[in-house]
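Report on one structure; see the data block that follows.
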Amino acid sequence: MDLQNEKCVMVIDENLPLGIIANTAAIMGITLGKQMPEAVGADVYDRTGNGHLGIIEFPVPVLKGSAEVIKSVREKLYEPEFSDLTVADFSDLAQGCKTYDEFIEKMKDVSETELNYFGIAICGAKKKVNKLTGSMALLR
């Protein structure tokens, strides 16, 4: 992974309650960790010898967007130009499921246009990620 030319961002609906925002970021982060294990650094040790699990080796800005903006970005990510980007999304449907099996079954019966996204994480070529998210402000 060429960290100089790669970028990873999360765009989360700023209008969601704080707990849902935190949950959305956590879930997308875990998903990215599975998809991009090479981005997670080695475990580290403090001066007293206590171990700390490795974290991602580069920053992941969390940007704010509305549900409409996130939906628009998600639709663009289906275009061939962006097919090489790694994308994790989190929707109202996913958040409302109690089990993963329930999520699988419900997703079979819904079209992408019906999903309301809470957030989207995008990793890949810096130029492409910036093209999609470069004008978005940080979520604070």
Side-chain angles (χ1 to χ4, degrees):
M1 173 173 277
D2 176 13
L3 298 181
Q4 297 299 322
N5 295 311
E6 299 283 316
K7 184 172 185 175
C8 188
V9 301
M10 290 186 183
V11 182
I12 299 179
D13 184 347
E14 65 184 309
N15 299 306
L16 294 171
L18 186 56
I20 301 294
I21 289 172
N23 183 250
T24 298
I27 288 171
M28 292 188 309
I30 291 168
T31 301
L32 288 177
K34 178 183 178 196
Q35 294 299 310
M36 304 172 56
E38 71 280 3
V40 179
D43 296 349
V44 297
Y45 298 88
D46 60 34
R47 185 174 48 178
T48 57
N50 294 320
H52 304 272
L53 294 178
I55 62 172
I56 192 163
E57 291 190 32
F58 50 86
V60 181
V62 179
L63 309 174
K64 63 181 177 180
S66 64
E68 296 79 21
V69 166
I70 296 167
K71 181 79 156 179
S72 174
V73 170
R74 185 63 181 114
E75 288 170 2
K76 289 177 188 172
L77 285 160
Y78 288 115
E79 296 173 8
E81 173 185 2
F82 301 108
S83 65
D84 58 336
L85 297 176
T86 300
V87 179
D89 60 50
F90 189 61
S91 67
D92 58 341
L93 186 142
Q95 201 272 334
C97 293
K98 295 192 184 338
T99 67
Y100 202 74
D101 286 340
E102 179 185 0
F103 174 57
I104 291 168
E105 290 304 311
K106 285 187 174 184
M107 280 297 278
K108 289 179 186 177
D109 295 327
V110 68
S111 71
E112 192 278 333
T113 58
E114 298 174 78
L115 295 172
N116 297 306
Y117 294 103
F118 289 177
I120 190 163
I122 310 164
C123 296
K126 190 180 287 189
K127 286 184 180 183
K128 289 183 182 183
V129 174
N130 285 342
K131 184 173 183 178
L132 293 165
T133 65
S135 63
M136 295 179 185
L138 289 172
L139 178 62
R140 297 183 184 270

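Each of Lys76, Lys128, Lys131 was checked for a side-chain hydrogen bond (donor to acceptor under 3.5 Å, both in side chains) with Glu81, and the lone residue meeting it is Lys131. Among the candidates Val11, Asp89, Val69, the single residue satisfying the side-chain contact (heavy atoms from CB on, under 4.5 Å) test with Tyr117 is Asp89.
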Inset, instruction - Could you walk me through whether Lys71 and Glu112 pass side chain to side chain contact (heavy atoms under 4.5 Å, CB included), step by step? - result: CA-CA 10 Å; Lys71 181 79 156 179; Glu112 192 278 333; 4.0 Å; yes

Legend entry - Val73 and Met136: CA distance, side-chain angles, deciding distance, side chain to side chain contact (heavy atoms under 4.5 Å, CB included) verdict: CA-CA 11 Å; Val73 170; Met136 295 179 185; 3.7 Å; yes

Inset, instruction - Might you work through the side chain to side chain contact (heavy atoms under 4.5 Å, CB included) test for Gln95 and Phe118, ending with a clear yes or no? - result: CA-CA 9 Å; Gln95 201 272 334; Phe118 289 177; 3.6 Å; yes

Inset, instruction - Begin with the C-alpha distance, continue with both residues' side-chain angles, and end with the deciding distance and a verdict on side chain to side chain contact (heavy atoms under 4.5 Å, CB included) for Leu53 and Asp43. - result: CA-CA 4 Å; Leu53 294 178; Asp43 296 349; 3.8 Å; yes

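Judged purely by distance below 3.5 Å, without hydrogens or angles, the side chains of Asn50 and Thr48 pair a donor atom with an acceptor atom. In this model, no donor atom of one side chain and acceptor atom of the other lie less than 3.5 Å apart for Glu75 and Ser72.
Atom CG of Asn130 is separated from atom OG of Ser135 by 10.0 Å, given to the nearest 0.5 angstrom. In this structure, the separation between OG on Ser66 and CD1 on Ile12 is 13.5 Å, given to the nearest 0.5 Å. Atoms CG and CG, from Leu16 and Asn23 in turn, are 10.5 Å apart once rounded to the nearest 0.5 Å. For the atom pair CD1 (Ile27) and CD1 (Ile20), the distance works out to 9.0 Å, reported to the nearest 0.5 Å. For the atom pair CD1 (Ile122) and CG (Leu77), the distance works out to 4.5 Å, reported to the nearest 0.5 Å.
Here the closest heavy-atom approach between residue Ala121 and residue Met10 is recorded as CB-CG, 3.9 Å. In plain terms, the two heavy atoms of Ala94 and Phe103 that are nearest each other are CB-CE1, 3.5 Å. Taking each heavy atom of Cys97 and Lys106 in turn, the nearest pair found is SG-CD, 3.8 Å. Cys123 and Leu32 get closest at one heavy-atom pair: SG-CD1, 3.9 Å. Nearest approach of Thr31 to Ala88, heavy atoms of both residues: CG2-CB, 3.9 Å.
The hydrophobic clustering, which links ILVMFWY residues whose side-chain heavy atoms are closer than 4.5 Å, places Ile70 and Phe82 together. By the criterion of side-chain heavy atoms lying less than 4.5 angstrom apart, applied directly or through intervening Ile, Leu, Val, Met, Phe, Trp or Tyr residues, Met28 is not grouped with Leu93; the two fall into different hydrophobic clusters. Note: the hydrophobic cluster containing Ile56 also contains Phe90 (ILVMFWY, side chain heavy atoms under 4.5 Å, direct or indirect links). Ile120 is connected to Met107 through a chain of hydrophobic side-chain contacts under 4.5 Å among Ile, Leu, Val, Met, Phe, Trp and Tyr, so both are in one cluster. Following chains of ILVMFWY side-chain contacts shorter than 4.5 Å, one cannot reach Met36 starting from Leu85, and the two form parts of different hydrophobic clusters.
At least one donor-acceptor pair closer than 3.5 Å links the side chain of Asp92 to the backbone N or O of Asn116. Proximity of a side-chain donor or acceptor of Lys127 to a complementary backbone N or O of Asn5 within less than 3.5 Å is not detected. Here the side chain of Lys7 pairs no donor or acceptor atom with the backbone of Pro59 at under 3.5 angstrom. Side chain of Glu102 to main chain of Lys98: a donor-acceptor pair is present (N/O by atom type, distance under 3.5 Å, no hydrogens or angles).
Proximity of Leu138 to Pro61: side-chain heavy atoms (C-beta onward) are separated by under 4.5 Å at one or more points. Looking at heavy atoms from C-beta onward, Val87 lies in side-chain contact with Arg74 at the 4.5 angstrom threshold. You'll find the side chain of Val62 stays beyond 4.5 Å of the side chain of Ile21, heavy atoms only.
Checked for salt-bridge contact, Lys108 and Glu105 meet the test: a charged N lies under 4.0 Å from a carboxylate O.
Taking a 6.0 Å sphere around OH of Tyr78, one finds it holds more than 12 heavy atoms contributed by other residues, nucleotides or ligands.
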